[in-house]
Structures are given as C-alpha cells and as structure tokens.
Number of protein chains: 2
Amino acid sequence: MTIEIDGETEEEFLAAYEPRKYPPMAVNAEVALFTLRDQELFLLLIERRGHPHRGRYALPSWFMQPHESIEATARRALAEETSLALDPRHLEQLKTYSTPGRDPRDCKVRVTSVAHLAFMPDPGEPEPGTHARSAAFVPVDDLAGVTEGGTIELAFDHATIISDALERLAAKLEYTTVAAAFLPEQFTLAELRGIYESVWGTSLDPGNFTRKVTGVDGFVASVPARRKTGGRSAQLFTHGGAQWMLPPMLRPASTGSRRAATKR
Amino acid sequence: MTIEIDGETEEEFLAAYEPRKYPPMAVNAEVALFTLRDQELFLLLIERRGHPHRGRYALPSWFMQPHESIEATARRALAEETSLALDPRHLEQLKTYSTPGRDPRDCKVRVTSVAHLAFMPDPGEPEPGTHARSAAFVPVDDLAGVTEGGTIELAFDHATIISDALERLAAKLEYTTVAAAFLPEQFTLAELRGIYESVWGTSLDPGNFTRKVTGVDGFVASVPARRKTGGRSAQLFTHGGAQWMLPPMLRPASTGSRRAATKR
DNA sequence: GTAATAGTGTCTGTGAGACATTATGGC
DNA sequence: GCCATAATGTCTCACAGACACTATTAC
C-alpha cells in the first residue's frame, strides 16, 4: 500500500495509486454444465488444443477480462469454447479454487479459478471453439476421479471441481426447484422425476414424488395439454415460479454408484 | 494465448510462456468473523486507516500472495488486521465478488474478492493491525444495509457480503452441527440454543430443542460435569464429532428483525 | 389380450410443535 | 416460600415411505 498522507482525498489517492508489483495474477471462470440425455447425466467437456494438459478433457474456461464480472466470463467461456450460444437455464457460482500449483502456469501467472455450476435442457452436440480440439457432452459416469470405474482422465483439478459441482447439484435438488431448469418449457412429472433419479442415483416412488411436487406451492403448474408416453398419456406442467421447496425433499440414504462424496 | 506449435512439450511451453499483458489483477480475501456476546451476534470489523473508504468500517481483508492459497490469506487477514492470532474455530469460503467497480481501485488494479465466513467463541477485544485505525466486534443489528435501522455505514459492498454471510450461517445451522464452533470446549444446551436463537432471530422451545439435538447421533456428547445457572444446574456437553444433522432442524417461518433475505 | 405407465388412495411410522409437569437450585 | 430454569413426558398434526389399486395407452 502507499504511505498514507493525512488529509489526502480519495480522488487524490486513486490518481497517485500504484498497485504493488507482484508476479502477475489471473482469474479464470470454469463452468460445469450438466444436462440429461436418455435418463443419464452428461457434462460438457472440451479436449484441450493447447498446453498445459494438451489433449486432456477439461471444463470450458476463460480468463476474466478487465471490465467483466466473473459470471459474464463464465457465460463467455461457454460461447467461446463451443462456438455455440450455449445459454444455460441455470448458472451459479460454485467455489473458488486457489491451491498454489493447481495450474502449471502458476510459475508464470498465478491462476485463480472461480468454478460455476450450470445446467440446461440437452442442446445437442456443440461445436469446438478456438481453444478446443473437440467439445462434447460426456456421461458423468465415465469420468475418472468422479465416478468409481470412470476412465476419462481430466485436466487440472477438474475432477475435484466436478465432484463438488455434483454434490452441490444433488443438495440443491433437495431444497430448491432448480431441477426444472434441466427440462424444456413443458414437461411431465416423470421427466422431472428422472432428473432427481439421475442426479441422486436412486429410484423414487412415482406416486410419492407426484404428491410431494404438486403439493409444494408454485413448483409446477399444470398446462391444459397431455403427452403420449409408453403407458397412459401424461399431464404436462410448467415451472410455477417458486424458487424454494419447503419442507425439502431429502434424498434417500445414498446407494448411488458414484464415488462417495465427503458429505453425508 | 501463445500460438500452438505441434510437438512442443508442456515443459517447453511453460518455459516460453508469457502471460498476456492485461491491466493488473489482484485477489483479495475478506473475512466475516462472527461471535456471540451476551446472546447477541457480533461481527469483527476494522476502521480503515487508508484509502479507499478511509475511516469507514470494513471486513478484515488482505491481498493474496503469490504462493498462498486464498484460505491461508483469509487467516492472515485476521492476524494482520487485528495484531492478534484470531484463530477461528470455523472458516469456510462464502462467495467471490467481482462486479467491476465494486472497489474504486479497479481503475488501476482489478480487485476480485473471495469472501469467507468464520466464527469462534468470543475472544474479547482485538487490537488493530497496520491497516486499521481500530478493530472491534460490532453488533450485527447496528449495521446499515444489513439490519433494518442499522446506522454503521460499511465500506465497499461489505453490507451485501455480510448479508450473504448471515444467510449462509442461518442455513448451515439447519443441516450441520457448526453451531458448536461458536462455543468453548464445554457448553450447556441452553448456550447452544442461544446460538440458534440469536442467528435466526427467533426463540425456540427448550424442550423440543434438547430432544432434537440429543437425538442427532454425534451432535453433542455429555461430559460428567454440570454448571450452575440461574435455575437448576445444567448438564455440560462437548461437540460429538458429527458434521451433519439429519434430518435438518428447519428454522421457523421468519419473524426476525433483520432485513428480509432474498431467500425463502 | 398383455405390458407399461399415470394417477389416486390408504396405512403407518417418524418427528416437529405445543404444552404440561417435575426437579433443582438461587434468592 | 418464590422464581427461574433444566429436563422429561404427552398429545396432535404433518408428512414421508411403502404399497396397494385403477385407468389409460402402446404393442
């Protein structure tokens, strides 16, 4: 910090202000964008075109620009890494990762990453952007370090980030209505139940699920239309606008196949 | 990014790597450290000695150093800003704040702040560190922009950060056992209940509270000692080691005096 | 027809909330 | 004796979980 001069105004201070000469720092936005495809949870990954970790699969990421908030950077990461206006229905900050050395570039620039959690209805296959050799939605169950038996190795500490994102996602389904953001405008309760079942790795009783979801004020609102399914035709619903589910719908004691989270 | 040269190894890449010449960036750790004093929630604030926002009350904060994780920075912020080894019993990352312009220094260095939530038993009055004119625990109810009718104006966007911290704290009491981190090694259930009542701004039924807390496996463990109180002497307990409270203890529909949070 | 699913109904156990009761210590 | 609080007990209601049962559609 500069030496304080009594009586100096804030304007004078800022005009004279010289930031300390540290090794350069950079702030990164990384996005874990999930979607559901055939009742299975998929995650958007890119194959890195350049170093470090060239050729490995990684979360889309971008460096924060000087006049941009980190959330704007996260949205741009999706756009730039996939040459596709992937506009997630839900995007929230997850956590900031700053362990020294987690990015090999730390020897030249210290890279701090602000990870984000996002999800949306399946937009189909994305096109790779400038930094990516390829871009694709990959089953979460295939990721090494995330799911027991997964084989796809991930760059940086992205396996940790994805595990944290999955735990946050599973927890948010309990006490919020964000599950609807995985689905198109209109959906059946069986489709909504599929979100819960895929994320939690359990099966839920259809009857009890319907009773719970329709009983929470504003979670779902029925529309005057039905959809043919394998069995009886199903009532269609929209998201009713409520953000919170009270009381929460707690996930059953875990029997899922994914690596046990540190939580519960 | 550098232009990719096929066949280049990661070592060669890193040796030649030149970070882009952006305006300088800095990453900040800020800490909202709460404690309970006379059944009232207090927050550690410093009075800023230098610009910007000189003389205003602010959260203790420190710039991240090149070889330090952000959590280490947060702990150092407490040590440096208060000349006191304030070792919080609980410290966790809250959220990263990055809106351009939230710090006036953004015109020279872009400052991104990683806010933290911490709490501990009342350590008494702290001494101010080098950047602080004074340091003190201040009642949360006196803070403008946090509590309706509060008068203490806060620097930067710290009122927002503190509100977010309070909401996180209130939520964590519901489904974790962290409330014990506000208390010394041994405590009575009335003291533990006091944490919940102060944070939630409600009163709780003592009988039901005891039944719930002692019923959660590993929340509290009784020690063979009692403490004299105003009435009958009370059994002493320790934290039993459990991290999670399942099922959660939901806070009653809010009647608290604090400004309505955006949540629930 | 059969199989599969939507949607409703019923029973039961758990647990939260409200409240009463008793025990124990300070004054 | 009187008051405050600890600690336990009781009753009721809400709700989750288990498991019917029926209606409707695809094949």
Side-chain angles (χ1 to χ4, degrees), chain A residues 38-39 173-175 179 183 186-198 200-217 219-238 244-255 264, chain B residues 38-39 173-175 177 183 186-197 200 202-217 219-237 242 244-255 264:
Chain A
D38 291 331
Q39 290 291 76
L173 294 193
E174 293 190 319
Y175 61 95
L183 295 170
Q186 297 192 350
F187 52 85
T188 67
L189 293 189
E191 289 167 342
L192 186 64
R193 183 162 45 84
I195 307 294
Y196 280 85
E197 292 180 331
S198 302
W200 287 351
T202 56
S203 65
L204 299 172
D205 183 276
N208 293 338
F209 183 83
T210 299
R211 175 155 46 91
K212 173 67 183 177
V213 162
T214 54
V216 172
D217 200 51
F219 192 163
V220 292
S222 67
V223 295
R226 302 180 69 80
R227 177 179 297 165
K228 294 182 185 68
T229 62
R232 180 179 171 179
S233 82
Q235 178 69 47
L236 285 173
F237 290 84
T238 340
W244 307 98
M245 175 153 49
L246 260 160
M249 171 164 45
L250 301 178
R251 59 193 130 160
S254 177
T255 51
R264 56 173 60 185
Chain B
D38 291 331
Q39 290 290 76
L173 293 193
E174 293 190 318
Y175 61 96
T177 65
L183 295 170
Q186 297 193 349
F187 52 84
T188 67
L189 293 188
E191 290 167 341
L192 186 63
R193 180 163 45 85
I195 307 294
Y196 280 84
E197 292 179 330
W200 287 351
T202 56
S203 66
L204 299 173
D205 183 276
N208 293 338
F209 183 82
T210 298
R211 174 154 48 92
K212 173 67 183 176
V213 163
T214 55
V216 172
D217 201 51
F219 192 162
V220 292
S222 66
V223 294
R226 303 180 68 81
R227 178 178 296 165
K228 294 181 184 66
T229 61
R232 181 179 171 178
S233 81
Q235 177 69 47
L236 285 174
F237 291 84
W244 306 97
M245 175 153 48
L246 261 160
M249 171 164 47
L250 301 178
R251 58 193 130 159
S254 178
T255 51
R264 64 171 52 182

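Convention: sequence-line order gives letters A, B, ...; per-chain numbering from 1.
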Notebook entry, point to check: So which one's nearest nucleotide on DNA chain D is more toward 5', B:Ser233 or A:Gly207?
Noted result: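 The answer here is B:Ser233.
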
Item checked: Contact nearer the 5' end of DNA chain D, comparing B:Arg193 with B:Asp205 ->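 The residue mapped nearer the 5' terminus is B:Arg193.
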
Checklist line | Residue closer to the 5' end of DNA chain C, B:Pro248 versus A:Arg232 (nearest nucleotide) | finding: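 Here A:Arg232 is the residue nearer the 5' end.
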
Next item on the list: Please tell me which of B:Arg226 and B:Pro247 maps to the more 5' nucleotide of DNA chain C, matching each residue to the nucleotide holding its nearest heavy atom.
Entry: B:Pro247

Check: How far apart are the C-alpha atoms of B:Phe237 and B:Glu191, what are their side-chain angles, what is the distance that settles it, and do they pass the side chain to side chain contact (heavy atoms under 4.5 Å, CB included) test?
Finding: CA-CA 10 Å; B:Phe237 291 84; B:Glu191 290 167 341; over 6 Å; no

Determine whether a donor-acceptor pair (N or O, by modelled atom type, separation under 3.5 Å) exists between the side chain of [X] and the backbone of [Y].
| X | Y | value |
| --- | --- | --- |
| B:Thr177 | B:Ala242 | yes |
| A:Gln235 | A:Val223 | yes |
| B:Arg226 | B:Ser233 | yes |

Margin query: Which nucleotide wins on minimum distance to the side chain of A:Asn208, given the candidates D:dC19, D:dA16, C:dT5?
Written below: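 Selected nucleotide: D:dC19.
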
Check: Does the side chain of B:Lys228 get closer than 4.0 angstrom to OP1 or OP2 of C:dG26 through an N or O atom?
Finding: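 Answer is no, no contact under 4.0 Å.
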
Note to self: When you measure from the side-chain N and O atoms of B:Lys212 to the phosphate of C:dG15, is any distance below 4.0 Å, counting only OP1 and OP2?
What the structure shows: no

Please report, rounded to the nearest Å, how far the [atom2] atom of [N] is from the [atom1] atom of [X].
| X | N | atom1 | atom2 | result |
| --- | --- | --- | --- | --- |
| B:Arg251 | C:dG17 | CZ | P | 13 Å |
| B:Glu174 | C:dA16 | CD | C1' | 14 Å |
| A:Tyr196 | D:dA16 | OH | C1' | 15 Å |
| A:Glu197 | C:dT5 | CD | P | 11 Å |
| B:Met245 | C:dG15 | CE | P | 14 Å |
| B:Met249 | C:dG15 | CE | P | 14 Å |
| B:Leu236 | D:dA7 | CG | C1' | 15 Å |
| A:Leu204 | D:dG17 | CG | P | 9 Å |

Note to self: Let's test your reading of the model: under 3.5 Å, does the base of C:dG7 pair with the side chain of A:Arg211 as donor and acceptor?
What the structure shows: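 No, the side chain and the base share no sub-3.5 Å donor-acceptor pair.
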
Notebook entry, point to check: Do B:Arg227 and B:Thr188 meet the criterion of a side-chain donor-acceptor pair at a distance under 3.5 Å?
Noted result: no

Next item on the list: Name the nucleic acid region contacted by A:Thr229, choosing base, sugar-phosphate or nothing; use a 4.0 angstrom heavy-atom cut-off, strictly under.
Entry: sugar-phosphate

